[in-house]
Protein chains: 2
Amino acid sequence: MARDEDKDNRVTDRVGFICRSLRRAIIEQALEPGAKLPEDALGERFGVSRTIARHALGQLAAEGLVELRRNRIAVVATPSWQEARDTFDIRLGLERLVVRQLSGRLTKAQVAKLQAHVDAEEEARNGPDAVSIRLATEFHVMLAVMTDSPILIRYVSEIAYRCCLTLSLYSRPHSSECAISEHRALIAALAAGETEKAMGMMDHHLDSVASRALVAPGKPRGRDIMDILAPYAEAETAPPEAGKAPAKGGAGRRKTTA
Amino acid sequence: MARDEDKDNRVTDRVGFICRSLRRAIIEQALEPGAKLPEDALGERFGVSRTIARHALGQLAAEGLVELRRNRIAVVATPSWQEARDTFDIRLGLERLVVRQLSGRLTKAQVAKLQAHVDAEEEARNGPDAVSIRLATEFHVMLAVMTDSPILIRYVSEIAYRCCLTLSLYSRPHSSECAISEHRALIAALAAGETEKAMGMMDHHLDSVASRALVAPGKPRGRDIMDILAPYAEAETAPPEAGKAPAKGGAGRRKTTA
DNA sequence: CGCGCTTCAAGTGCATGCACTTTGGCCGCG
DNA sequence: CGCGGCCAAAGTGCATGCACTTGAAGCGCG
């Protein structure tokens with residue numbers, strides 16, 4: 001990722017740097033949906049002025065990772081359940097394009113690179129979930145990058161990141177074991193040029209991730225506090241264990257990158 | 001009609017306003033690819049400071065409509081031929097999703113609205129091309145909006161705008177007559193819930209727009225001057241008018257769509 | 001004891017100023 | 001006559017200051 005850093009396009013890069021950092025923090029769930037991102041705190045943390053931080057926030061907002069509300073502190077986006085489903089749906093469509101594009105056209109080097117990445121995933125399996133999620137996401141982004149189509153790259157990256165977001169909202173502990181083997185199988189199919197098969201695998205892969213991970217709309221984790229409180233408003237009969245303090249918000253003052 | 005749209009999200013709206021204006025200017029080809037967009041000129045024109053103009057430019061850059069180069073004046077993006085093809089390809093994938101989502105689910109009011117829009121297209125047929133293009137684009141955006149899926153809306157809008165851009169680079173005078181009847185037919189199929197048929201129509205529609213409009217890579221109008229000059233640099237023997245001389249990236253045939 | 005109003009601090013919205021970079025013209029030199 | 005370097009104008013990069021908005025604590029009133 002430090003590769004094409006200073007191409008000379010894109011904003012100076014301090015903005016880019018902040019974006020990348022924030023994105024990473026978000027997909028690793030160091031920043032949960034709803035986390036506040038005050039401009040000055042950001043600026044201070046990254047050693048830049050609010051102007052830059054603001055710009056970065058703007059970019060991230062354009063990608064749908066943060067929410068900007070006028071005169072309010074920016075927050076990490078909290079996609080609705082419906083949006084989450086849509087996101088996966090669209091992602092599927094986009095990744096099919098990737099597969100179609102790539103099938104039978106992968107160079108040996110590319111295949112090797114992909115395999116190496118999956119090896120890394122394997123290795124990180126016992127590490128923190130955050131890392132597995134990031135690696136799994138990066139695998140897909142890597143595929144997109146290999147299409148060499150800037151637009152496709154952008155869209156797939158964006159949506160993959162958004163998926164991480166929804167995952168961090170609506171998923172349970174996470175289980176990425178099968179994902180890894182599915183990644184391997186996908187590589188094989190792509191390398192062999194079995195387009196249809198590869199597409200089917202991608203379908204199945206994403207579909208299973210979605211249905212396995214996306215747990216029903218019942219209780220969105222970091223969602224609006226009012227949602228969490230909702231069941232308590234109904235009746236005062238033994239509320240389930242929810243270790244969240246009511247008013248003050250357990251987040252303390254400003255959160256920034258971990 | 002330029003009044004609302006600010007539910008309270010998004011930037012203050014002066015930024016939004018500039019974005020919208022610029023987008024419109026771009027898709028109507030009042031601003032050709034490569035056109036310069038200096039911050040202060042923009043700011044002056046819209047009665048705001050460079051800060052705002054800059055922010056707008058940033059948004060547009062995120063959408064791929066303008067290009068930002070460090071320390072240089074921002075310009076309207078000039079997608080390469082390859083990107084143009086990719087764009088249409090991806091667009092097709094996205095619009096298929098739209099169709100699938102919409103098929104058989106359109107309310108009477110929606111159908112009416114669509115038909116009214118196509119009527120407007122019909123009416124504008126003798127007007128300037130710019131308007132026809134805008135209307136045709138808006139038709140597709142309108143469809144996307146009806147899916148009620150924010151992400152899909154965003155992506156389709158974005159890519160539709162980008163297509164306008166490529167059209168203004170690589171298309172001939174334009175002929176949108178058939179597009180109108182195709183729009184009508186599409187509405188009918190959608191209303192009738194004939195998903196497969198509707199998808200096929202969308203395929204055909206976009207494909208024909210692409211292949212009809214996108215005239216070969218021969219002479220990209222506003223594209224990098226170096227490309228145009230390349231064949232002349234080789235030898236001074238009568239430069240052919242279409243020959244692809246440089247060893248540049250493959251203009252090689254790529255699956256358009258299935 | 002609770003409820004609404006006031007007041008204040010945190011935070012954003014935006015403009016402006018200054019430094020740095022790029023560009024293109026001008027001039028002197030070969 | 002051409003060519004390469006200097007210089008000013010134009011433009012961006014970024015920080016900072018001030019006005020405005022918002023949320024909430026504090027306070028008085030019922």
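All figures in this text were calculated on a predicted structure; none of them were measured in a lab.
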- Message: Once ring-ring contact (aromatic ring centres under 6.0 Å, His included) is applied, what residue pairs with a partner in residues 130-152 of chain B remain, sequence neighbours excluded?
- Response: B/Phe139-B/His183, B/His140-B/His183, B/His140-B/His205

Protein-nucleotides 17-22 of chain C N/O pairs under 3.5 Å:
from   : atom 1 : to      : atom 2 : distance (Å)
C/dG17 : O6     : B/Arg50 : NH1    : 3.4
C/dT21 : O3'    : B/Asn71 : ND2    : 3.3

- Applying side chain to side chain donor-acceptor pair (under 3.5 Å) to B/Glu39 and not counting sequence neighbours gives B/Arg50, B/Arg54

- Query: Do the rings of A/His55 and B/His55 sit parallel, tilted or perpendicular, given the 30° and 60° boundaries?
  - Reply: perpendicular

- Message: What is the distance, to the nearest angstrom, from the CZ atom on A/Arg54 to the P atom on D/dT16?
- Response: 16 Å

- Item | Value in whole Å for how far the P atom of D/dC14 lies from NE2 of A/His55 | 9 Å

- Message: Tell me every residue that passes side chain to side chain donor-acceptor pair (under 3.5 Å) with B/Ser149, counting only those two or more places apart in sequence or in another chain.
- Response: A/Asp86

- Message: So, OP1 or OP2 of D/dA15: does either fall under 4.0 Å of a side-chain N or O from A/Arg14?
- Response: yes

- Task: Nearest whole angstrom, please: distance from the P of C/dT12 to the CG of B/Asp13.
- Result: 19 Å

- Message: Which residues pass the side chain to side chain contact (heavy atoms under 4.5 Å, CB included) test with A/Ala130, not counting sequence neighbours?
- Response: A/Glu28

- Item | Upstream residue (5' side of DNA chain C) when B/Thr51 and A/Ile73 are each assigned their closest nucleotide | A/Ile73

- Task: Mind calculating the distance between CZ (B/Phe46) and C1' (C/dA15) to the nearest angstrom?
- Result: 18 Å

- Item | Interatomic distance, A/Glu44 CD vs D/dT16 C1' [rounded to whole Å] | 15 Å

- Note on the structure: note: A/Arg69, atom CZ; C/dG13, atom P; distance rounded to Å ~ 11 Å

- Query: Taking for each residue the nucleotide of DNA chain D with the nearest heavy atom, is it A/Ile52 or B/Glu39 whose nucleotide lies nearer the 5' end?
  - Reply: B/Glu39

- Sequence neighbours left out, what passes side chain to side chain contact (heavy atoms under 4.5 Å, CB included) with B/Cys164? Give chain and number order. B/Ile27, B/Ile133, B/Thr137

- Message: Expressed as a whole number of angstroms, how long is the span from B/Lys36:NZ to D/dT12:P?
- Response: 10 Å

